[in-house]
Amino acid sequence: MWLLLPMKLARAVVILILPVLGCDTGSSPFGDVASRIPSPAQEEAIPKFGLAVRIPAISCVKRVAETVAVHEIAGLPPANRARESRNASPQVKDWLPKNPTRVVPTARGFAVLDAGAKELNLFSRDFTRRTRSHAKDHLDSTAATLVRPVTAAVNTTGDTIWVLDSPPRLVAFDAAGRFVRAIALPNGGQQLALDRDGNFYVGRIVLPQTIRRDTSARESVMVAVYDRDGAAKPPLVKVAAKDLTLPRFNLPGPTDVILSSRDSYVAVAFPAAGVVDLYQKGKLLGTAQMCLPPGVVAAYGRQLAAATEETRQQSWVPFISDVYIHPNGDLSVMSNVADREGR
């Protein structure tokens, strides 16, 4: 079993918008690089093709936006219950999910997956109304009951929420929390995204150390693809020993991805590497990489060089916690790493 030890950095929630710029490879502190704003001339020089920004392998952060207020609003009870919350009544205590695993926007508000309670919570946009997925009201309550939910995603119209459950299957609920249907999958995963054609993208953890020892040149599926009925399609991302190169695979052990989608775009992010690959209809359009602190890059290199077959722990920094795709294919990433101003 691998022991994952996230490196300790100042934590904050920021959005980093990645432009087409060269990365400063000098010895400047990370905060200086991360908060540098390009000149208007640089921004005008950004080349584009089709609907997607042409993103090179290395880019610097364009601007930083705080999102703390969003989380503060989400953490408050409805206004009409604010006074009651002081009395800590069971009803108010139970208002918000106790173990929110994933939050996705819907056509009516927000869907919050509570993995601990094994239920999907549906909130209005102002958080004054909440409903739960009600499996018990469905004729096939067994199919509608979540067993070990992992994550959730919403379709492009925002009216159907899909939950990736275990044993491997996809469970659909409408925007009112009513069970729609369930689809069995041959294998599970940790991440889920949908494109506008109804294809499902399931992200999985791979073990580079194991892949490197495999002499058969066999490929491991990192992002599997299934059609709207659960039939397997060609994977979006496959990994063989020859693919385990920097900057994406900078860890000796478990390496995961974060998936995000919009219309026909799918973003595959490598959180420890600060890398995002943008795909459209199965084709790679471009890659963006955050400018990482030189000290962290060096530490990654030493850790990778020192790894042996007996190595069972690794340290890493989650530079990316989520990805937002703009309508034209631009990327914004949410990061837990603070800039020099502590944001």
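Arg130 and Asn121 share a donor-acceptor pair across their side chains, judged by distance under 3.5 Å alone. For the residue pair Glu119 and Ser133, no side-chain donor N or O sits within less than 3.5 Å of a side-chain acceptor on the partner. Side chains of Asp195 and Tyr201: a donor on one and an acceptor on the other come within 3.5 Å.
With sequence neighbours left out, the salt bridge (Lys or Arg N to Asp or Glu O under 4.0 Å) criterion links Lys238 to Glu219. With sequence neighbours excluded, the residues satisfying ring-ring contact (aromatic ring centres under 6.0 Å, His included) with Phe200 are Trp162. Annotation: salt bridge (Lys or Arg N to Asp or Glu O under 4.0 Å) contacts of Arg262 (sequence neighbours excluded): none.
Counting heavy atoms from C-beta on, the side chains of Leu244 and Pro208 come closer than 4.5 Å. Residues Val150 and Arg148 are not in side-chain contact: their nearest non-hydrogen atoms beyond the backbone lie 4.5 Å or more apart. Side-chain contact check for Tyr324 versus Val333: every heavy-atom pair is 4.5 Å or farther apart. At a threshold of 4.5 Å between non-hydrogen side-chain atoms, the residues Asp114 and Pro100 do not count as touching. With a 4.5 Å cut-off on side-chain heavy atoms, Leu120 and Val163 count as touching. Using a 4.5 Å cut-off on side-chain heavy atoms (C-beta onward), Ile183 and Asp229 make no contact. Side-chain atoms of Tyr300 and Val317, non-hydrogen and from C-beta on, do get closer than 4.5 Å to each other. Residues Ser124 and Arg108 fail the side-chain proximity criterion, which asks for heavy atoms closer than 4.5 Å.
Linking ILVMFWY side-chain heavy atoms closer than 4.5 Å, directly or via other members, places Val239 and Leu259 in a single hydrophobic cluster. Hydrophobic clustering places Leu284 together with Val257 (ILVMFWY residues linked when any side-chain heavy atoms are closer than 4.5 Å, directly or through intermediates). Under the 4.5 Å side-chain heavy-atom criterion for Ile, Leu, Val, Met, Phe, Trp and Tyr, Phe249 and Val237 are members of the same hydrophobic cluster. Under the 4.5 Å side-chain heavy-atom criterion for ILVMFWY residues, no single connected hydrophobic cluster contains both Val275 and Leu331. By the rule that hydrophobic residues join a cluster once side-chain heavy atoms approach within less than 4.5 Å of another member, Val225 and Val266 end up as members of one cluster.
Of the inter-residue distances, the one linking Thr160 atom OG1 with Asn155 atom CG reads 4.5 Å to the nearest 0.5 angstrom. Put simply, OG on Ser220 and CD1 on Ile205 are 13.0 Å apart, with the number rounded to the nearest 0.5 Å. Between the CZ atom of Phe110 and the CZ atom of Phe123 there is a distance of 10.5 Å, given to the nearest 0.5 Å. Here the OG1-CD1 distance, from Thr255 to Ile211, works out to 8.5 Å after rounding to the nearest 0.5 Å. Here CG of Leu170 is found 4.0 Å from CG of Leu185. Values are rounded to the nearest 0.5 Å. With values rounded to the nearest 0.5 angstrom, Leu122 atom CG is found 5.0 Å from Ile161 atom CD1.
Here the closest non-hydrogen pair linking Val202 and Gly188 is CG1-O, 3.7 Å. Across all their heavy atoms, Ala152 and Val104 have their closest contact at O-CG1, 3.7 Å. Closest heavy-atom contact between Ala144 and Phe173: O-CZ, 3.7 Å. Taking both residues in full, the closest heavy atoms of Ser260 and Val323 are given as OG-O, 2.8 Å, listed atom of the first, atom of the second, then distance. Ala269 and Ile320 get closest at one heavy-atom pair: CB-CG2, 4.1 Å. Of all heavy-atom pairs spanning Ala273 and Gln289, the tightest one is O-NE2, 3.5 Å.
Counting only distance, with no hydrogens or angles, the side chain of Gln314 and the backbone of Gly253 share a donor-acceptor pair below 3.5 Å. In this structure, Gln280 contributes its side chain and Ser264 its backbone to no donor-acceptor pair below 3.5 Å. Arg228 places a side-chain N or O within donor-acceptor distance of the main-chain N or O of Asp197, the cut-off being under 3.5 Å. Checking side-chain atoms of Gln209 against main-chain N and O of Thr308 turns up a donor-acceptor pair under 3.5 Å.
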key: Residue pair Phe270, Phe319: steps toward the ring pair (Phe, Tyr, Trp, His ring centres under 6.0 Å) verdict   = CA-CA 9 Å; Phe270 294 76; Phe319 286 101; over 10 Å; no

request  = Go through the steps to decide whether Leu194 and Val154 satisfy the test side chain to side chain contact (heavy atoms under 4.5 Å, CB included), and finish with yes or no.
outcome  = CA-CA 7 Å; Leu194 290 85; Val154 66; over 6 Å; no

key: Working for side chain to side chain contact (heavy atoms under 4.5 Å, CB included), residues Arg204 and Val223   = CA-CA 6 Å; Arg204 299 170 182 160; Val223 181; over 6 Å; no

inquiry  = I'd like to know whether Leu278 forms a side chain to side chain contact (heavy atoms under 4.5 Å, CB included) with Thr287, so could you lay out the CA-CA distance, the side-chain angles of the two residues, the decisive distance to 0.1 Å, and finally the verdict.
reply    = CA-CA 6 Å; Leu278 183 65; Thr287 298; over 6 Å; no

message = Under the criterion side chain to side chain contact (heavy atoms under 4.5 Å, CB included), I'd like the reasoning laid out for Val171 against Leu164: C-alpha separation, chi angles, the key distance, then a yes or no.
response = CA-CA 7 Å; Val171 187; Leu164 180 60; over 6 Å; no

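Asp277 has a carboxylate O that lies under 4.0 Å from a charged side-chain N of Arg248, or vice versa, which qualifies the two as a salt bridge. Using a 4.0 Å cut-off between charged side-chain N and carboxylate O, Asp174 and Arg181 make no salt bridge.
With a 6.0 Å radius and a threshold of 12 heavy atoms from other residues, nucleotides or ligands, Arg125 has its CZ atom above the threshold.
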